[in-house]
Amino acid sequence: MGKHSASGLGASSFTMPSRPSVEHEPAMHDAPTVPIVPVMPPPSRTPTSHARREVWKVRAPFLAAAIVPIGVIAASATGVGHSTTPKATALSTEVTTQPITGDPEATVQRVAATFRTPDPLPPPIPPPPPAVVADGQVPATNYDAYRRAADIMAKTNPACGIPWSVIAGIGKVESHHANNGDVDPTTGELRTPIYGPTLDGTLAANEVISDTDGGRLDGDSTYDRAVGPMQFLPSTWEHYGADGNGDGQSDPQNIYDAALTTARYLCDGHQDLRSTSEQVSAILKYNNSMAYVDDVLGFARSY
């Protein structure tokens, strides 16, 4: 408290005016108010193209260290201006399906390529053939025809339940499996057509049957005779004949057609051929002889 002079500071003869003695320092609100004058920045100036390049040269280190959208840098480097809104660039995530060309067909192709339909599952692998096919007791093409016929009947007449082995038993007794598989494996057509004896009464135990098909199936316009590997009479074939290989025809000299026709004939009457007794009844309808039944079922059991 007291008077302070500048002489102690080594000044010249200049003397500071004395302050009045007070009991306390004045409070902050007692001090005179000094107006705050805002300092306005100098007006912005768009630098010339050369100056722009100099500005970016100076700021380059800062921009390299900062996380700045690439679009902003690209726009400034080309002299577009110092926009604060980044523009879309090649690094932006693509969220639209609009093609670059604006072609609607290209859009469809692009979306189809993104959402491709899964490939269909392959068909199930058929079970391996039984041992009797591997050792040659039943020719492979004949087995395929017998099994396919049973599969078709399982879908079209599931109550019948005919096994492929019963169809094979008929084929063995009637023609030794079409002369031991003498068929075209691609079509099932017999290489050598099979005909039974002419039913004109000259053979013992054979009845006389006059022609019913004009010789179209058996080549005889006077009398009938059995045709094909399953030995069907023309009149029976006309009623039960089926297309077993899907070529649009029913031919008694085709192993696929003949096997399916045999299955249809044996299943006629909705018999359950899972039962042995029903098998006997159906085979007797095919040939009214118990010796014949025994032969057919004997071979069927061995298959």
Side-chain angles (χ1 to χ4, degrees), residues 129-154 157 160-183 188 190 192-199 201-207 209 218 224-237 239-242 244 252-269 271-303:
V132 293
V133 176
D135 64 17
Q137 293 185 51
V138 179
T141 304
N142 294 61
Y143 163 72
D144 187 55
Y146 303 147
R147 181 191 54 79
R148 186 181 298 188
D151 290 345
I152 292 174
M153 293 306 298
N157 187 3
C160 177
I162 186 170
W164 74 267
S165 57
V166 171
I167 306 172
I170 297 285
K172 172 63 176 179
V173 173
E174 292 292 350
S175 67
H176 295 284
H177 299 307
N179 295 325
N180 296 315
D182 186 24
V183 301
L190 272 64
T192 303
I194 298 176
Y195 298 98
T198 302
L199 299 176
T202 58
L203 294 177
N206 283 344
E207 58 183 319
I209 300 179
D218 59 5
D224 273 347
R225 55 180 176 170
V227 293
M230 298 303 202
Q231 290 292 279
F232 278 98
L233 291 173
S235 58
T236 307
W237 185 268
H239 185 70
Y240 291 98
Q253 304 289 355
N254 184 289
I255 188 60
Y256 287 98
D257 296 352
L260 181 56
T261 301
T262 297
R264 291 187 63 197
Y265 183 78
L266 293 174
C267 287
D268 188 30
Q271 302 176 82
D272 185 358
L273 296 187
R274 301 174 187 87
S275 164
T276 301
S277 62
E278 291 294 329
Q279 291 174 5
V280 171
S281 176
I283 296 170
L284 281 173
K285 183 176 68 172
Y286 205 96
N287 190 324
N288 192 21
S289 166
M290 279 306 300
Y292 181 85
V293 172
D294 290 341
D295 288 341
V296 170
L297 291 182
F299 285 115
R301 284 190 291 267
S302 71
Y303 298 152

Note, V296 side chain near Y286 side chain (heavy atom, < 4.5 Å):
no

Going through the distances and angles, do D135 and V132 end up as a side chain to side chain contact (heavy atoms under 4.5 Å, CB included)?
CA-CA 5 Å; D135 64 17; V132 293; 4.2 Å; yes

Would you call I162 and Q271 a side-chain contact if the rule is heavy atoms closer than 4.5 Å?
no

So I194 and Q231, side chain to side chain contact (heavy atoms under 4.5 Å, CB included) or not? Walk me through it.
CA-CA 8 Å; I194 298 176; Q231 290 292 279; 3.6 Å; yes

So do the side chains of Q137 and F299 get within less than 4.5 Å of each other, counting heavy atoms only?
no

Under a 4.5 Å cut-off applied to non-hydrogen side-chain atoms, are N287 and V173 in contact?
no

In terms of heavy-atom contacts, V183 and A178 come closest through CG1-CB, 4.0 Å

Verdict with supporting geometry, Y146 and H177, side chain to side chain contact (heavy atoms under 4.5 Å, CB included):
CA-CA 10 Å; Y146 303 147; H177 299 307; 2.9 Å; yes

Just so I know, are the side chains of I209 and R225 near enough to count as touching, which here means a heavy-atom distance under 4.5 Å?
no

Specify whether W164 and Y303 have parallel, tilted or perpendicular ring planes, treating 30° as the upper limit for parallel and 60° as the lower limit for perpendicular.
parallel

I need the minimum non-hydrogen distance between I167 and A259, along with the two atoms involved.
CG2-O, 3.9 Å

Nearest 0.5 Å, what's the CG-CG distance between D268 and N157?
9.0 Å

I'd like to know if D151 pairs up with R147 as an ion pair, taking the criterion as any Lys NZ or Arg NE/NH1/NH2 lying under 4.0 Å from an Asp or Glu carboxylate oxygen.
yes

For P197 and L203, the nearest pair of non-hydrogen atoms, with its separation, is CB-CD1, 3.4 Å

Do Q279 and V166 come close enough that some side-chain heavy atom pair is under 4.5 Å?
yes

Polar side chain donor-acceptor pair, E174 to Y292, under 3.5 angstrom
yes

Can you find a pair of side-chain heavy atoms, one from T141 and one from P139, that are under 4.5 Å apart?
no

For A150 and P163, work out which heavy atoms get closest and say how close.
CB-C, 4.3 Å

Go through it in stages, so that I can follow the logic: the residues are M153 and L260, the test is side chain to side chain contact (heavy atoms under 4.5 Å, CB included), and I'd like the CA-CA distance, side-chain angles, deciding distance and then a yes or no.
CA-CA 8 Å; M153 293 306 298; L260 181 56; 4.2 Å; yes

May I ask you to test the P252-W237 pair for a side-chain heavy-atom distance under 4.5 Å?
yes

To check you understand the geometry: which heavy-atom pair defines the closest contact between A282 and L273, and what is its length?
CB-CD2, 3.8 Å

